[in-house]
Amino acid sequence: MTDPFAFDPPAPRPGGIAARARAAASGAVAYLEGLNPEQRRAVETADGPVLVLAGAGTGKTRVLTTRIAHIIASGRARPSEILAVTFTNKAAREMKERIGMLLGTVAEGMPWLGTFHAIGTKILRRHAELVGLRSDFTILDTDDQIRLMKQVIQAENIDEKRWPARALASFIDGWKNRGLTPDKVPAGEASAFAAGRGAKLYAAYQQRLKDLNAADFGDLLLENLRLFREHEDVLRSYQERFRYMLVDEYQDTNVAQYLWLRLLAQGRRNVACVGDDDQSIYGWRGAEVDNILRFEHDFPGATVVRLERNYRSTGHILAAAAHLIAHNEGRLGKTLFTDDEAGEKVTVTGAWDSEEEARLIGDEIEALQTKGHSLADMAVLVRISAQMREIEDRFVTLGLPYRVIGGPRFYERLEIRDALGYLRLVNNPADDLAFERIVNTPKRGLGDATIEQLHRYARAARIPLMEAARRMIETDELKPKPRSALRDLTTAFARWSQRAEEMKHNELAELILEESGYTDMWQKERTAESAGRLENLKEFVRSMEEFPDLGAFLEHVSLVMEASEAEGGDKVSIMTLHGAKGLEFDTVFLPGWEEGLFPNQRALDESGRAGLEEERRLAYVGITRARRRAKIYFATNRRIHGMWNSTIPSRFVDELPEANVEVTEAPAGYGGYGGYGGGFGGSRFDKAAPFGSSYSTPGWQRAQRNAGSTPGGGSAPGGRFDAGRSRSGPMLIEGELVAKSTGTTSSFDTGDRVFHIKFGPGTIAAVDGNKLTIDFDKAGRKMVLESFVQRV
DNA sequence: TCCTAGCGCTTTTTT
DNA sequence: AGCGCTAGGA
């Protein structure tokens, strides 16, 4: 097969790459057409460090792929000399496809385009022995990690209750994200776990990994760092190989990834990082926004290109998002603009409770659908997965087709992990973690006691568990029952290993699942769930066909933990805000904009101001997903952990610019009155809460009173959505719906007796703007908006 | 060894 | 409210 990018000696063919390269020099190349001046600059500044600050919807991927095409077509480097890293497999795949489209069929020729972890693995396998591994090391998933850490904790006689393996895992993960080996962990942090034994446990865990010839996800990078630092020749060879480097989503890199990139970029310094500091939403898993903020400092003389022309959203949406994110400090600062029309304003709608919120969204979707909008162009973006349920319930009731994106991943399902356990063990009999996973699944009467015995034997003889089992069944140390069960198992594995030589790996998998009794186990269960599991197993075996052998398949699984996304069909998407990054929809529904939920209280508690800013970026990401319509909702009552809580609107609602936002209310008839005639399931608040259903609600009356009595004719300071002004159209009690966090005076005072439609009578304990803290006679202390209470 | 009742926890998620 | 894990009993 000829490599069209072998430029030596240059043999120009008309229309060939070399010809295109020459054309590139004169600036008349097809792939550059249609780029705006900034994009073009980002593409054509090929040499030296470049930082591309690419706002939402500004053509980031296009710049990245065109840049690669340009580097290749201009003869600067061959595809195999370009390092291009992404975070997700999806992004890598997309980039491959798009480069292929730009250049013909070359994407295969880019062996160094992939995720950080995939590329790290590739490098590590080549030099594994230099860091104490063999090149066929196994990659552990989170499940295995936890199990291993449990063992380490037990071995140290530490109380698992007080110091759960999960917690240790997150500590170690954090350290690895920051590029810290056990000896480098700061003393203060090391002592935060298990009374000072954190670092020791970390070291013990690393030792166990080496014993098992295994690496966890963090190691894939951390061991790369070690490799590069301890073996300069290796580092240099990669520095020379990678003539050009590109990094996608740079704002999401953690310290380890940053160090890795910096080591490699020290070679030729042709590194281009593309990212958006305003879309950094993974700080909680180690991403350092600082990396992007510091780029110019790290690479003096770097070219910085700002992409600010947005091709996605209409004017109001963009303006609302821009105004919101401007509340963050520590930004590099971009101002997105668009030539598109102003379009529809962003809407903010208050609902009585989360059920009503779901109804409003469902109805809006149906209304849009009636007008001919496709469901696939709509998405509901939630802060936490727990919000999905109510939305789904509502959609089911309405018969609205939907799909949830980002649920449990295929390879994380119990039955798939079990099946993988069998395959891993066939592939590598020394895989102790796999052995433990499946030794008693299905039940073979091999319980803790037997496993414990095996462990002791294996440890003493320094052999893997499978080998220990083989030897132990020849002794009489085991009771007869477990002994014969274990004999069956080991002989079965011996047989399967043999068959592996001659059989196709997917057929072997089927055979194993059959003979081991694993499929039987689920068949016996005869529930809807077990039927689904069997279906998944079939799909699992089918998916193996695409790989040349078992080893390749297992590598794929450990690195590409992906569900085959059920595409197709006209469906509304439901996903978390995190899951929505990088996607776009005509209409975006954003429910749950309430203090505590969004911004999320826990983010605030754990990370303070930084946490708040990250939440705000998340809000920004949410709004900027919308092409034509962004619809924000908040509910006054929400069930949290099964308990009804009263909530107040998110401060982010307050931070939206008045000019681009329309505050609406639940349409008349909501709450069980009028038009709907009980057509929907009905909320428990139907009778109790005719909220927003007429001009005579308590809230409306209160709003009117306020408007009349506010000094300065209704332009209360700080209140963005004053009732009484612009009272045209459907704006009703919006002045009361939207929380005014500061500066507004309430007509209520501490000590006033009030009546709340749901909580009954109570006494005001504190007043903060239009938020009241009330001690209810029956319901206890709650914070509510004043529009929901009446003076008594 | 297996089953089950009760306890505690509950953001976001990739690789 | 719901789920997963643990302990304790059959």
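None of the values given here were measured: they were computed from a predicted structure. By convention in this document, chain letters (A, B, ...) are assigned in the order of the sequence lines, proteins followed by strands, and residues within each chain are numbered from 1.
For Q251(A) and D276(A), the side-chain atoms include no donor-acceptor pair closer than 3.5 Å. Under 3.5 Å, the side chains of E606(A) and Q601(A) contain no donor-acceptor pair of N or O atoms. Residues Q206(A) and D219(A) have side chains that bring a donor and an acceptor to within less than 3.5 angstrom of each other.
Protein atom CD1 of I146(A) is 12 Å distant from nucleotide atom P of dT6(C), rounded to whole Å. Rounded to whole Å, atom C1' of dT10(B) lies 8 Å from atom CZ of R602(A). As rounded to whole Å, 15 Å separates atom C1' of dC5(C) from atom CG of D159(A). In this structure, I640(A) atom CD1 and dG2(C) atom P are separated by 16 Å, rounded to whole Å. Distance CH2 (W260(A)) to P (dT15(B)): 16 Å, rounded to an integer number of Å. Between the CD atom of Q257(A) and the P atom of dT15(B) there is a distance of 12 Å, given to the nearest Å. In this structure, the CZ atom of R639(A) is 8 Å from the P atom of dG2(C), given to the nearest Å. As rounded to whole Å, 12 Å separates atom P of dT13(B) from atom CD1 of I405(A).
In the set dT13(B), dT10(B), dT15(B), dT10(B) carries the atom at the smallest distance from any side-chain atom of H641(A). The side chain of R389(A) has dG2(C) as its nearest neighbour among dT12(B), dT15(B), dG2(C). Among the nucleotides dT12(B), dT15(B), dT10(B), the one closest to any side-chain atom of E412(A) is dT15(B). With dT15(B), dT13(B), dT6(C) as the candidates, the nucleotide lying closest to the side chain of F217(A) is dT15(B). Closest contact between the side chain of A603(A) and the listed nucleotides dT15(B), dT11(B), dC2(B) involves dT11(B). Checking dT10(B), dT1(B), dT15(B) against the side-chain heavy atoms of T115(A) singles out dT15(B) as nearest. Comparing dT6(C), dT12(B), dT1(B) against the side chain of I384(A) picks out dT12(B) as the nearest.
Each of E606(A) and G445(A) was assigned the nucleotide of DNA chain B with the nearest heavy atom; the assignment lying further toward the 5' end belongs to G445(A). Closest-nucleotide positions on DNA chain B for L446(A) and E614(A) were compared, and the one nearer the 5' end corresponds to L446(A).
Note on D252(A): nothing from the nucleic acid sits closer than 4.0 angstrom, heavy atoms only. Contact annotation for R166(A): no contact, since no heavy-atom pair falls under 4.0 Å across all strands. Residue S385(A) is in sugar-phosphate contact alone, with no base atom involved, counting any heavy-atom pair closer than 4.0 Å across all strands shown. Within the nucleic acid shown, Q145(A) has no heavy atom closer than 4.0 Å to any nucleic acid atom.
At the phosphate of dA7(C), OP1 or OP2 sits under 4.0 Å from a side-chain N or O atom of K161(A). Put simply, T450(A) has a side-chain N or O that comes within less than 4.0 Å of OP1 or OP2 on dT1(B). OP1 or OP2 of dC2(B) lies within a sub-4.0 Å distance of a side-chain N or O belonging to N440(A). Taking 4.0 angstrom as the limit, R383(A) places none of its side-chain polar atoms (N or O) nearer than this to OP1 or OP2 of dT12(B). When the side-chain nitrogen and oxygen atoms of T576(A) are compared with OP1 and OP2 of dT11(B), none of them lie within a distance under 4.0 Å.
Within the cation-pi definition used here (under 6.0 Å to the ring centroid, within 45° of the axis), R417(A) does not qualify as a partner of Y411(A).
Stacking annotation: H578(A) is not stacked on the base of dT13(B) (requires ring centroids less than 5.5 angstrom apart and an interplanar angle below 30 degrees). Here W284(A) packs flat against the base of dT12(B); its ring centre is closer than 5.5 angstrom to the base's six-membered ring, tilted by less than 30 degrees.
Aromatic ring centres of W593(A) and Y633(A): separated by at least 6.0 Å. Ring to ring, H127(A) and Y238(A) are close: their centroids are under 6.0 angstrom apart. For W260(A) and Y258(A), the ring centers sit 6.0 Å or farther from each other.
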